[in-house]
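Everything on this sheet refers to the single structure shown next.
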Amino acid sequence: MSQPIQYSIVIPVYNEEEVIHETYRRLSEVMRSTGEAYELLFVNDGSRDRTADILIDYCERDSSVKLLDFSRNFGHQIAITAGMDHSRGKAVIVIDADLQDPPELILEMIEKWKQGYDVVYAQRTKRKGETFFKKQTAKMFYRFLHSMTDIEIPLDTGDFRLLDRKVCDQMNNLQEKNRFVRGMVSWVGFKQTAVEYERDERLAGESKYPLKKMLKLSMDGITSFSYKPLKFAGIAGTALSVSGFFYLLIVLYLKLFTTATITGWSSLIVIQLLFSGFILIILGIMGEYMGRIYDESKQRPLYIVRDIYQKKSEKKMMF
């Protein structure tokens, strides 16, 4: 009889053929050192290189390795969700494949978990090998997100964390489409703590979170957990309307009670552009929320798994 899985390591991968060998080696070494049963659950998010082929080979040679192969690219947060859906361990650890987050920190997370914590998240104190622009935009991203959302999301944390089985089960019950996993973990609550570390330089390959994706992630986080943009639009709209009303009184006074010439064309155009631009911004904010409501209403599955690979088990198909 096989030993029950104690730890599930969820690793989303997308075009990681340059680092996947080292990722597998280091994760395997760390998990073997625990002396407990584990599974390495890789989620191939539509890679276009040899990532899937390499992982299939590992599945054939190592019974602890399992691969979920998506039918296409569904996104990093969805890949994490799929891994948690298929995990079997009493504790679930999410880590990226690029080795910027050191696998060796998992041992410290496990110690915290055994002390009674339900969520153990890794909190960065330093980011190595990144440009000044990348560091500053990341810093602004986390602080802006912290100020805008209505829940307490720890600063300088990514998705590298350990979740107890009961937390993972609650996460699996949340089926929203535009997912922000770290925010969802904060939302479900439970007893949480941090382990600090210095983030390493990426071993090889390119970042899978350029500025465009960071902005999308930020928007998903804000719209999923806060109505502040809508409130801000209402407050700013009221302020501009009041300003416009007072300007109207000034214009009427000058027209009726003075001989001053009211040229007004330049100021009128400026005001018109200001109000028009603000209206478009409000419509854009409303559109973001409405678009997410539209996504939810379609009731499509979060992802489609084309194949599941694992040693000594038949290949399964899911639709």
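If you read the sequence from its start, that first residue is 1, and numbering goes on from there. Scope of the values below: all heavy atoms of this structure, side chains included, with no hydrogens, waters or symmetry mates.
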One should read off an interatomic distance between Ile54 CD1 and Phe42 CZ, to the nearest 0.5 angstrom, of 10.5 Å
dist Ser87:OG -> Ile80:CD1 (nearest 0.5 Å) comes out at 12.5 Å
Evaluate the side-chain proximity of Phe160 to Met109: yes if any heavy-atom separation is below 4.5 Å, no if none is. yes
Taken to the nearest 0.5 Å, the spacing of Leu302 CG from Asp85 CG works out to 7.5 Å
**Study point:** Aromatic plane relationship, Phe70 with Tyr303 - under 30° parallel, 30 to 60° tilted, over 60° perpendicular
**Key:** parallel
| message | With a sphere of 6.0 Å drawn around CZ of Arg61, does it hold more than 12 non-hydrogen atoms of other residues, nucleotides or ligands? | response | yes
Side chain to side chain, Asp159 and His76, heavy atoms closer than 4.5 Å:
yes
For Pro103 and Leu27, the nearest pair of non-hydrogen atoms, with its separation, is CB-CD2, 3.7 Å
Residues Asp307 and Val305: closest non-hydrogen pair is O-CG1, 3.4 Å
dist Gln310:CD -> Ile56:CD1 (nearest 0.5 Å) comes out at 13.5 Å
Residues Met31 and Thr34: closest non-hydrogen pair is O-OG1, 2.6 Å
Rounded to the nearest 0.5 Å, the CD1 atom of Ile93 sits from the CG atom of Leu162 at a distance of 4.5 Å
Practice task
Give a yes-or-no answer on whether the side chains of Tyr7 and Glu36 include a donor-acceptor pair shorter than 3.5 Å.
Solution key: yes
